[in-house]
Amino acid sequence: MSQLSIAHVPRPTRHFTPAQHWMNDPNGLFFDGELYHLYFQYNPHGVEHGNMSWGHATSSDLVNWSEHPVAILHDERHDIFSGSIVIDRHNSSGLGDGSTAPVIALYTAAARDGSNQAQALAYSLDGGYSFTKYAGNPVLDRNSADFRDPKVFRYSGPAGDYWVMVAVEAVERRVLFYRSENLLEWDELSGFGPQAACAGVWECPDLLELPVEDSAETKWVLVLSLNPGGVAGGSGTQYFIGDFDGTSFTPDHEQPARDHTDFATLAEGAWLDWGRDNYAGVSFHGLPRNRCTLIAWMSNWDYARQLPHERWRGSMTTARKVDLLRTDTGYAVRQRFVGLPAAAAAESYGAGTHELALQGPTLIDVQARDLGEEPVRARFFRADGSPLSELLLGAQQISHQRPSGRVDHELYPSTQHMPLPPSDGRLCAQLLLDAGSLEVLAAGGLRSLTDQLTGEETPARVLLTIPGGAQSDVACTPLPQHGSTATQELK
């Protein structure tokens with residue numbers, strides 16, 4: 001195995017990337033009423049994973065980002081692992097100054113010798129740009145080497161009104177729930193798991209109360225990242241739908257713990273994404289339920305450390321708004337891209353091959369009908385005419401074949417398969433193309449497939465082949481290209 005050295009890694013314009021150095025999981029997402037704050041696992045000293053700290057960026061539209069100096073820096077004893085942020089509007093922590101609501105970060109203080117992971121707190125009095133580590137850290141310590149990734153939210157329901165922390169004992173595949181009145185002292189409430197996919201460690205939990213479309217009903221969704229053992233191989237994210245009573249999460253359907261990695265078994269579960277590169281996604285604090293929005297790290301631990309780079313390494317997915325739909329088989333999570341312009345007019349295509357020329361980042365909307373066994377075939381090409389990757393868009397399944405391209409790693413070339421709900425020969429898919437990535441939402445957002453195309457420019461053209469007997473309406477919407485990453489030198 002070797003890392004391919006290339007002269008240039010194109011930087012996407014629709015996805016956040018750091019100006020320099022290594023980045024992985026999103027952390028501490030919150031909306032302050034005007035700006036979206038994105039923190040992330042960050043190495044301020046290089047392009048390798050290590051020296052974990054919290055980088056920081058802000059955006060007014062979830063598309064264009066300004067990067068700021070490191071928010072929480074590692075020290076000689078602890079790395080700053082994943083966590084979350086809340087705004088303590090009533091100063092329950094007592095850490096405010098009497099005029100400004102403190103921004104509270106709960107994160108995992110990971111001992112640099114690997115001996116312990118405990119939950120710690122830092123607070124900000126300037127809106128989240130600089131933080132002070134709490135003198136009484138840690139605020140929650142189980143004397144465990146794998147207790148991490150606290151996601152904190154305010155619960156208000158029949159059981160009362162208080163803070164809830166969701167964290168994981170990663171190796172045990174257990175989610176733990178805690179309660180606090182002041183964000184400083186925590187009492188254990190309950191646990192969940194192991195259930196469903198368990199071939200890897202559980203990480204980065206999130207518990208969301210989401211609205212069900214066309215009803216006054218809400219349901220709770222527990223999101224869990226898993227590495228390895230994802231449905232597409234390596235890193236992946238599964239979810240459970242159920243109810244949370246302020247103490248315990250109860251899934252609608254109990255599932256046995258499965259340590260299998262075969263696709264047929266894994267496909268029985270509920271997956272937030274069916275591609276190789278959507279991991280550790282979490283939601284923004286400060287948004288109402290009907291605007292719940294997630295961002296994930298667009299990579300996979302199978303090869304993330306060996307991807308080619310140009311002094312920066314790591315990208316986030318496009319922001320997605322999430323809610324729930326009631327389907328014939330129960331509830332399901334729906335995702336929708338955030339920050340898209342008005343769609344271009346669609347053109348109708350019959351059977352045959354049609355060439356679409358692209359001029360940079362593009363959203364391609366494909367609506368096909370009367371599909372039989374043959375799928376719509378989308379082949380992507382570079383500007384020099386060489387093939388880049390291929391999508392097979394069927395009525396029952398979407399597959400993406402990704403060759404090695406500009407990446408020299410045996411686990412990178414792969415074919416992802418995403419089964420679709422029954423559709424009577426119809427296909428509905430959105431393809432978001434940017435430098436270095438392909439994101440697919442299908443079945444009205446009930447299915448998602450995210451794959452990196454590392455080192456690649458946005459495809460220059462697409463050959464779209466419509467099978468005999470089918471018809472398709474295709475809209476190609478150019479996406480505005482803005483500077484999505486500040487170039488300031490980090491301090």
Side-chain angles (χ1 to χ4, degrees), residues 151 153 155-159 164-169 172-179 189-200 202-226 229-231 236-260 263-274 278 281-283 288-290 292-294 296 320-336 418-423 441-448:
K151 186 66 165 72
F153 66 94
Y155 170 82
S156 183
V164 170
M165 177 193 294
V166 189
V168 290
E169 278 286 358
E172 296 177 7
R173 287 78 165 175
R174 283 199 302 136
V175 180
L176 298 175
F177 301 91
Y178 291 84
R179 168 180 174 156
L189 293 171
S190 64
F192 170 82
Q195 284 196 34
C198 292
W202 281 7
E203 297 187 311
C204 304
D206 201 349
L207 187 60
L208 315 170
E209 187 178 10
L210 295 181
V212 179
E213 186 184 52
D214 296 329
S215 78
E217 185 182 15
T218 64
K219 295 285 288 185
W220 290 83
V221 179
L222 178 61
V223 177
L224 276 171
S225 290
L226 172 80
V231 69
T237 302
Q238 61 184 331
Y239 68 86
F240 304 84
I241 296 176
D243 294 297
F244 180 68
D245 62 4
T247 298
S248 303
F249 174 78
T250 304
D252 287 348
H253 305 287
E254 296 282 342
Q255 301 178 61
R258 304 185 181 98
D259 60 3
H260 308 291
F263 180 81
T265 299
L266 291 173
E268 296 175 2
W271 295 92
L272 199 66
D273 195 272
W274 294 76
N278 187 311
V282 287
S283 63
R289 289 177 195 146
N290 63 359
C292 183
T293 301
L294 279 75
R320 287 104 176 272
K321 180 182 174 183
V322 295
D323 61 4
L324 291 173
L325 293 183
R326 187 193 293 271
T327 72
D328 292 339
T329 57
Y331 301 94
V333 170
R334 174 175 63 178
Q335 302 179 61
R336 286 175 282 183
M418 178 169 67
L420 301 177
S423 64
L441 293 185
L446 294 178
R447 296 290 188 272
S448 169

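For the numbers below, each heavy atom of this structure counts, side chains included, while hydrogens, waters and symmetry mates do not. Residue numbers start at 1 and run along the sequence shown.
To the nearest 0.5 Å, atoms CG (Leu210) and CZ (Arg334) are separated by 11.0 Å. Gln255 CD to Gln195 CD: the interatomic distance, rounded to the nearest 0.5 Å, is 6.0 Å. In this structure, the separation between CZ on Arg289 and CG on Leu324 is 12.0 Å, given to the nearest 0.5 Å. In this structure, the separation between CZ on Phe249 and CG on Leu222 is 5.0 Å, given to the nearest 0.5 Å. The line from CE of Met165 to CG of Leu207 is 13.5 Å long, rounded to the nearest 0.5 Å. With rounding to the nearest 0.5 Å, the separation of CG in Leu441 from CG in Asp273 is 8.5 Å.
Between Phe244 and Trp220 the shortest heavy-atom distance is N-CD1, 3.4 Å. Nearest heavy atom pair, residue Ala257 against residue Cys198, reads CB-SG, 3.9 Å. In terms of heavy-atom proximity, Arg320 sits nearest to Ser448 at NH1-OG, 3.1 Å. Contact between Val322 and Gln335 at its shortest, heavy atoms only, is CG1-CG, 3.8 Å. Here the shortest heavy-atom pairing between Trp274 and Pro419 reads CZ3-CD, 3.5 Å. Looking at every heavy atom in both residues, Asp245 comes nearest to Thr247 through OD1-N, 2.8 Å.
Remark: the backbone N or O of Ser283 is paired with a side-chain donor or acceptor of Asp206 at under 3.5 angstrom. Checked by atom type and distance alone, the side chain of Gln238 never pairs as donor or acceptor with a backbone atom of Leu224 at under 3.5 Å. The closest donor-acceptor contact from the side chain of Trp202 to the backbone of Ala197 lies under 3.5 Å. Side-chain N or O atoms of Tyr239 include one that pairs as donor or acceptor with a backbone N or O of Val333 at under 3.5 Å.
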request  = Starting from the C-alpha separation in whole Å, work towards a yes-or-no answer on side chain to side chain contact (heavy atoms under 4.5 Å, CB included) for Asn290 and Asp323.
outcome  = CA-CA 7 Å; Asn290 63 359; Asp323 61 4; over 6 Å; no
request  = Could you walk me through whether Glu209 and Phe153 pass side chain to side chain contact (heavy atoms under 4.5 Å, CB included), step by step?
outcome  = CA-CA 11 Å; Glu209 187 178 10; Phe153 66 94; over 6 Å; no
key: Val166 vs Phe192, side chain to side chain contact (heavy atoms under 4.5 Å, CB included): CA-CA, chis, key distance, verdict   = CA-CA 10 Å; Val166 189; Phe192 170 82; over 6 Å; no
request  = Run the numbers on Phe263 and Val231 for side chain to side chain contact (heavy atoms under 4.5 Å, CB included), then give the verdict.
outcome  = CA-CA 6 Å; Phe263 180 81; Val231 69; 3.8 Å; yes
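Counting only heavy atoms from C-beta outward, the side chains of Ser215 and Arg326 never approach each other to under 4.5 Å. When side chains are defined from C-beta on, Trp271 counts as touching Leu266, because their heavy atoms get closer than 4.5 Å.
With respect to the salt-bridge test (charged N to carboxylate O, under 4.0 angstrom), the residues Arg174 and Glu169 do not qualify.
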